[in-house]
2 protein chains.
Amino acid sequence: MAQKLTILDIAKLAGVGKSTVSRVLTQDPRVKPATREKVEQVIRESGYVPSKSAQSMRGGTSKVIGVVVSRLDSPSENKAVRGILAVIYAAGYDAVIMESQFSAAKTREHLAVLEKRNVDGVIVFGFSGFDDTILDGFAQRAVVIAVDTDSVSSVSYDNKGMIHLAMQQLSEQGLTHISYIGVDPADRTTGLFRLDAYLEACRERHIEPCYQTGELSYESAYKLTDKVLNAQTQAIVCASDTLAMGVAKRLQEIQRTEVVVSGVGATDLLSFMFPNTFSIDPGYFEAGQRAAHLLFQHLQQGAPVTHLTQQACTLL
Amino acid sequence: MAQKLTILDIAKLAGVGKSTVSRVLTQDPRVKPATREKVEQVIRESGYVPSKSAQSMRGGTSKVIGVVVSRLDSPSENKAVRGILAVIYAAGYDAVIMESQFSAAKTREHLAVLEKRNVDGVIVFGFSGFDDTILDGFAQRAVVIAVDTDSVSSVSYDNKGMIHLAMQQLSEQGLTHISYIGVDPADRTTGLFRLDAYLEACRERHIEPCYQTGELSYESAYKLTDKVLNAQTQAIVCASDTLAMGVAKRLQEIQRTEVVVSGVGATDLLSFMFPNTFSIDPGYFEAGQRAAHLLFQHLQQGAPVTHLTQQACTLL
DNA sequence: CTGTTAGCGCATTCAA
DNA sequence: TTGAATGCGCTAACAG
């Protein structure tokens, strides 16, 4: 274990001063190419590894960004996290990930920890009841995903667009009797916005709205299905794939598989299980990428508070 | 932003020396209770946050453990990660999570990064083709999950036990014609061990084995279903819930829903979609917890290389 | 272009 | 029981 090598050892081995080694490490251009090459070779051969802790302490930047997800096992957040990781990892950053479990208190705790860890920035996944004043400490070094914010930059999903897309898709197939199943409007993004979009789309098309809202679970949607179903129903738009799964199951049970079901989330399982089904991809992965990019912009040049909306795209 | 507070500021504010403050921070008993109380109060009121970077550099311990998952969106690994986080977070540690994507090369890269970050230890999720010599650098500071290892401690799932449990469950229901669908035995854990267990269980019960192996996907299992199905088939045991889902779908299609299907993974969706179904819980969450505990044992007292096996338990 | 000098914030000696 | 002094490994002035 040559783990005890320090910058000074390298300096001696290369026959230069420690600052020269440091300059090589920091990509400082003020170093003669020959010298640089020499140092780099010694570093390579000795297997020297600069201590991040020391660098972090000295330079003030830890090359770490904190990510607070609401649930580690949420498929949507998972996709977004992957987008985040792809970007920050490419930039030589790493992520410490924490789970808020939809609790503002936990979020606050986690942010405190991240702060004391000297992370360069944070990306937080919002949830219903999320309050962005929690992020005051991180000022211009935070980006929020999936929720409206005021004082801090954000990347949100196009909640209205997704539903409009679904409605449009169905309209193009000539369907006119379209119901909707969503979640409690108390949840602004998944609940209210998507329901509003449905109602709006109905108005545009002179369709009589027919909808129900409940919990975000298979069971809830399953139970609600009958309430939005009548003899003429041709399609049911759902606020999420989870709901769509519950609806599709019920439809299958009562032999109404001719009814088209749409969900949101791009879950491959949905279309595998039920052919007469499609799902809208809200662009989770891309949203994650953009959130990371946005954060970097803030870190490098104090960019102004920005609100991005991730476009959704249809998917079979 | 009182973020610029240092230990010296606190010392002044409390009217003591910086070392005393340090002692309070490190739980050093050699501090008069009154003094300690005073200092703690100042810390609380000032919102002072000790710099982890500095602590880490000085003490050599960063209170960070690295976690390398194979896929961020694997439900099983997700559950395990939650177990890990629960334990390490309670101990004041944090996790930086990385994704290997089943690539030994990526794993190696990530470990290098983690090393230079001075993490105290790592927990790595194994995958087919995983080679634990990769972990040489981490010697006694690593724990592997879900794969057999030699030189490093591990927590593995009870691959044989899960299948035996499923077979037993079915036997108790009086079923005797039980088929199996698994994955390529080239994958030792999910493939070979589970298949072996099936064959073994058949032998014990004088059941004629009937099985197929393929990929770990709905489609694969869906297609394979017919090949293990005959008029007498009463049940199909699957190596995972994903497979079970594909099988159940096919059975439903051909009106053979009287055939019981079992999977592994405790996915709630499976039993929701198909009533005549059950899943074995390999104890992912608990495995994560145990892995974390095991790692701590290594960190604190150089425990010897240990191999734990996580017991599985049935689930409806 | 390069070596020398000073700290960064903290934990740990060593005296007192 | 406490304060003063000494680096940890590194980067950023400051001089050559």
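No hydrogens, no waters, no symmetry mates; every other heavy atom, side chains included, goes into these values. Residue numbering restarts at 1 for every chain, and letters A, B, ... go by the order of the sequence lines.
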- Message: Using ring centroids (six-membered ring only for Trp), state whether Y157(B) and Y284(B) fall under 6.0 Å.
- Response: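 Yes, they do, as the ring centres are separated by less than 6.0 Å.
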- Message: For K18(A) and A54(B), find the nucleotide of DNA chain C closest to each by heavy atoms; which residue's nucleotide sits nearer the 5' end?
- Response: K18(A)
- Query: Mapping M57(B) and R30(B) to their closest nucleotides on DNA chain D, which lands nearer the 5' end?
  - Reply: R30(B)
Could you tell me whether the side chain of [Y] reaches within less than 4.5 Å of the side chain of [X], counting heavy atoms only?
X       : Y       : value
D94(A)  : K63(A)  : no
V64(A)  : V96(B)  : no
L111(B) : E115(B) : no
V122(B) : H110(B) : no

- Message: Taking the minimum atom-to-atom distance to the side chain of R23(A), which one of dC10(D), dA4(D), dA13(D) wins?
- Response: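 Closest nucleotide among those given: dA13(D).
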- Item | Among dG3(D), dT11(D), dT1(D), the one nearest Q55(A) by side-chain distance |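 The answer is dT11(D).
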Using atom types as modelled, flag every donor-acceptor pair under 3.5 Å from a side chain in residues 81-89 of chain B to any protein atom, sequence neighbours excluded.
{"unit_1": "R82(B)", "atom_1": "NE", "unit_2": "E99(A)", "atom_2": "OE2", "d": "2.9"}
{"unit_1": "R82(B)", "atom_1": "NH2", "unit_2": "E99(A)", "atom_2": "OE2", "d": "2.9"}

Separation of [N] [atom2] from [X] [atom1] (nearest whole Å):
X      : N       : atom1 : atom2 : result
I7(B)  : dG3(D)  : CD1   : P     : 12 Å
R58(B) : dT6(D)  : CZ    : C1'   : 8 Å
D28(A) : dA12(D) : CG    : C1'   : 10 Å

- Note on the structure: Result for side-chain hydrogen bond (donor to acceptor under 3.5 Å, both in side chains) between S56(B) and one of S56(A), S62(A), S53(A) points to S53(A)
Checking all strands, does [X] fall into the base, sugar-phosphate, or nothing category for heavy-atom contacts under 4.0 angstrom?
X      : answer
S22(A) : base
S19(B) : base
T26(B) : sugar-phosphate

- Item | Phosphate OP1/OP2 of dT2(D): any T35(B) side-chain N/O under 4.0 Å |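 Indeed, a polar side-chain atom of T35(B) lies that close.
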- Please determine if a side-chain N or O atom of T20(B) lies less than 4.0 Å away from the OP1 or OP2 oxygen of dG3(D).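 Yes, T20(B) has a side-chain N/O under 4.0 Å of OP1/OP2 on dG3(D).
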- Query: Do the side-chain N and O atoms of D158(B) and T309(B) include a donor-acceptor pair separated by under 3.5 angstrom?
  - Reply: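 Checked: D158(B)/T309(B) side chains show no N/O donor-acceptor pair below 3.5 Å.
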- Task: Check every nucleotide of DNA chain C for an atom under 4.0 Å from a heavy-atom of chain A, then give the first and the last such nucleotide from 5' to 3'.
- Result: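 So the outermost contacting nucleotides come out as dC1(C) to dG9(C).
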- Message: Can you list, in residue-number order, the parts of residues 9-17 of chain B that come under 4.0 Å of DNA chain C, counting heavy atoms only?
- Response: none
- Task: For the pair F296(B) and Y93(B), name the ring-plane relationship: parallel under 30°, tilted 30 to 60°, perpendicular over 60°.
- Result: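 Rings of F296(B) and Y93(B): tilted, as their planes differ by 30° to 60°.
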